[in-house]
> 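Before anything else, here's the structure in question.
Worth saying up front: this structure is predicted, and the values here are computed from it rather than measured. Residue numbers begin at 1 in each chain, while the letters A, B, ... track the order of the sequences.
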There are 2 protein chains.
Amino acid sequence: MASKAVPAETQRAKLERKEGVILAAARAIFVDHGFDGARMQEIARRAGIGEGTIYSYYESKAELMLAVLEQFWDGLTREAEDVMVSVQATDFFGRLEALAAYHLAAVIRNSDFINLTFALRRNNSEVSVSRDHLRQYVAVFDELFLRGQDRGELRPDAILWQARDIFYGSLEYSARSIEMTIDAERIPREQGPVVDQMVALFRSHYGTGDSAVATGTAGLAGVETRLDQLTAQIETLNERLSGA
Amino acid sequence: MASKAVPAETQRAKLERKEGVILAAARAIFVDHGFDGARMQEIARRAGIGEGTIYSYYESKAELMLAVLEQFWDGLTREAEDVMVSVQATDFFGRLEALAAYHLAAVIRNSDFINLTFALRRNNSEVSVSRDHLRQYVAVFDELFLRGQDRGELRPDAILWQARDIFYGSLEYSARSIEMTIDAERIPREQGPVVDQMVALFRSHYGTGDSAVATGTAGLAGVETRLDQLTAQIETLNERLSGA
DNA sequence: TCCTTTAATGAGCTTGACTCGAAAATACCG
DNA sequence: CGGTATTTTCGAGTCAAGCTCATTAAAGGA
């Protein structure tokens with residue numbers, strides 16, 4: 001009977017909804033108090049359920065945290081994929097710039113979760129964010145890089161995992177440096193240079209000679225044009241500085 | 001009498017020795033079981049003292065951990081300084097290679113402590129390894145880099161903290177990648193390429209024209225890369241000026 | 001409506017960091 | 001040396017928080 005299927009579905013839906021409520025409550029409490037500081041009782045209270053009920057959904061506090069983190073990383077992955085879909089640039093370096101800008105901003109914005117991810121992984125050896133979730137996130141970079149190699153924009157002998165470590169490692173440390181900057185106002189302005197630097201690094205270290213040609217600024221003439229432009233800009237800057 | 005002065009000294013020495021015993025025991029237990037897994041009782045037993053005695057030396061478990069970590073980082077710093085003293089190479093890139101090789105090996109060898117350092121810093125916001133200790137460690141890189149700039153081996157417009165983040169960030173992620181490799185036998189062989197890559201990266205990205213010519217990556221592509229870098233720097237300057 | 005199955009609950013159990021009063025060791029003084 | 005003051009050590013006891021489980025409530029099915 002149809003009446004049979006419908007309750008069965010609504011029941012499951014109800015459970016899933018409750019699971020979502022628990023997850024949301026846990027997320028809020030974990031962000032506020034960190035892993036150790038979060039009290040299961042408070043999470044239960046916020047979710048509007050008894051403390052014991054949580055344990056019929058998640059084995060332990062650590063696994064609850066894990067679920068929160070995996071949900072978070074899935075969201076990050078989706079956003080990164082969206083960025084790669086919606087970015088206009090078609091060349092590797094333009095797309096890399098978009099990814100770097102997104103990643104850096106995301107790491108700074110969600111530093112709580114990033115930190116909790118690695119803190120848990122390091123502290124609690126039994127429970128850690130499944131490698132697949134992180135792998136899926138960095139897969140966005142991997143695909144971009146491999147495609148860049150296919151198109152001849154990147155050196156074919158470059159090793160993917162080394163490039164990946166340079167990309168994510170540098171950006172994570174940069175994010176930390178930027179966060180440490182006391183003057184919070186300046187933070188957004190520091191992100192640009194870091195991203196530019198990252199792109200320039202990949203260009204100089206992994207780029208092939210062709211890429212310059214491919215970007216349309218062909219040949220010696222293009223270089224001279226750009227030099228003229230830069231010279232003009234520097235003159236402008238000099239005037240400003242001497243005037244101020 | 002001399003017999004009077006001696007006990008006074010031996011007393012202090014005795015306390016310091018006991019402190020050292022506690023630290024050593026804690027270090028062993030923390031490495032074996034991680035921060036949460038370590039039991040104060042076990043540390044006390046290993047040190048051959050009562051549990052309460054620990055608390056007359058250290059305020060809390062977290063502070064005990066802190067003392068262990070600071071001792072560890074001081075050792076690392078000393079070793080890194082020794083490496084920079086004893087390395088034969090006089091040029092920047094040769095010395096950088098030595099530092100990178102040392103750091104990568106140290107991170108892999110002491111991954112427990114590295115992880116615990118950042119886990120504690122992230123998890124337990126009240127207690128974290130004093131920034132000075134870490135700063136002292138990276139000061140070895142800073143000094144090397146600044147000297148490279150003074151000697152004209154590195155671009156004078158390079159920004160120190162960005163270079164530092166690239167160096168340590170990339171190496172930490174690389175260390176993690178290497179550790180993840182299942183085949184433990186191959187690990188020593190992977191360290192070489194990573195170090196070489198790091199040096200090559202600094203050469204191509206931060207090296208001055210002289211060294212670029214030496215490595216043969218001169219030509220139109222190299223010029224365009226430098227143009228990109230200049231453009232990025234000018235943008236930064238523009239933003240700073242307009243913002244200020 | 002009654003029975004079976006599933007879900008929810010919170011009082012209590014367990015564990016481990018930390019406290020504290022007492023005892024042992026040490027230092028000080030006559 | 002003997003006695004007293006001070007310091008150091010100790011481990012049983014306290015407390016807090018994650019987790020369990022017997023009980024209760026709800027839902028499903030005939």
> Run the ring-ring contact (aromatic ring centres under 6.0 Å, His included) test against A:Trp161 and tell me which residues pass, sequence neighbours left out.
none
> With B:Glu42, which residues qualify under side chain to side chain donor-acceptor pair (under 3.5 Å), at least two apart?
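For B:Glu42 there are no side chain to side chain donor-acceptor pair (under 3.5 Å) partners, ignoring immediate neighbours.
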> Would one find a side-chain N or O of B:Thr53 under 4.0 angstrom from OP1 or OP2 of D:dC10?
yes
> Counting only side-chain N and O atoms of B:Arg39, is one of them less than 4.0 Å from OP1 or OP2 of C:dA17?
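Yes, within the criterion.
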> Not counting sequence neighbours, which residues clear side chain to side chain donor-acceptor pair (under 3.5 Å) with A:Asp32? List them please.
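Partners of A:Asp32 by the side chain to side chain donor-acceptor pair (under 3.5 Å) criterion come out as none, since no residue qualifies.
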> Atom NE2 of B:His33 to atom C1' of C:dG16: distance rounded to whole Å?
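After rounding, the gap between these two atoms is 14 Å.
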> May I have all residue pairs that pass ring pair (Phe, Tyr, Trp, His ring centres under 6.0 Å) and include part of residues 45-72 of chain B, sequence neighbours excluded?
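Passing the test, one end in residues 45-72 of chain B: B:Phe72-B:Phe113.
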> Does any donor atom in the side chain of B:Glu179 or B:Ser111 lie under 3.5 Å from an acceptor atom in the other side chain?
yes
> To the nearest Å, how far apart are A:Phe30 CZ and D:dA17 C1'?
13 Å
> Return the set of residues passing side chain to side chain donor-acceptor pair (under 3.5 Å) with A:Glu51 (not counting sequence neighbours), or none when no residue passes.
none
> Does the side chain of B:Lys18 get closer than 4.0 angstrom to OP1 or OP2 of D:dT9 through an N or O atom?
yes
> Rounded to whole Å, please give me the gap between CD1 in A:Ile49 and P in C:dT9.
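Spelled out: CD1 on A:Ile49 to P on C:dT9 is 6 Å.
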> Go through the structure and list residues passing side chain to side chain contact (heavy atoms under 4.5 Å, CB included) with B:Glu81, not counting sequence neighbours.
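Scan of B:Glu81 (side chain to side chain contact (heavy atoms under 4.5 Å, CB included), adjacent residues dropped) gives B:Thr77, B:Val140.
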> Evaluate the criterion ring pair (Phe, Tyr, Trp, His ring centres under 6.0 Å) for residue pair A:Phe145 and A:Tyr206; output intermediate values, then yes/no.
CA-CA 10 Å; A:Phe145 193 86; A:Tyr206 287 120; 5.6 Å; yes
> Output the residues of residues 41-48 of chain B in contact with DNA chain D, where contact means a heavy atom of the residue under 4.0 Å from an atom of the strand; sort by number or write none.
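Heavy-atom cutoff 4.0 Å gives no residues at all.
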> Apply salt bridge (Lys or Arg N to Asp or Glu O under 4.0 Å) to B:Asp112 and list each qualifying residue two or more places apart in sequence or on a separate chain.
none
> Expressed as a whole number of angstroms, how long is the span from A:Ile54:CD1 to D:dG18:P?
10 Å
> Which part of the nucleic acid, if any, lies within contact of B:Tyr58, taking any heavy atom under 4.0 Å across all strands shown: a base, the sugar-phosphate backbone alone, or nothing?
nothing
> Nucleotides 19-21 of chain D: which of its N/O atoms have a protein N/O under 3.5 Å away?
{"unit_1": "D:dC19", "atom_1": "OP2", "unit_2": "A:Tyr55", "atom_2": "OH", "d": "3.2"}
{"unit_1": "D:dC19", "atom_1": "OP2", "unit_2": "A:Lys61", "atom_2": "N", "d": "2.8"}
{"unit_1": "D:dC19", "atom_1": "N4", "unit_2": "A:Glu51", "atom_2": "OE2", "d": "3.3"}

> Is the shortest side-chain N/O distance from A:Tyr57 to OP1 or OP2 of C:dA7 below 4.0 Å?
no
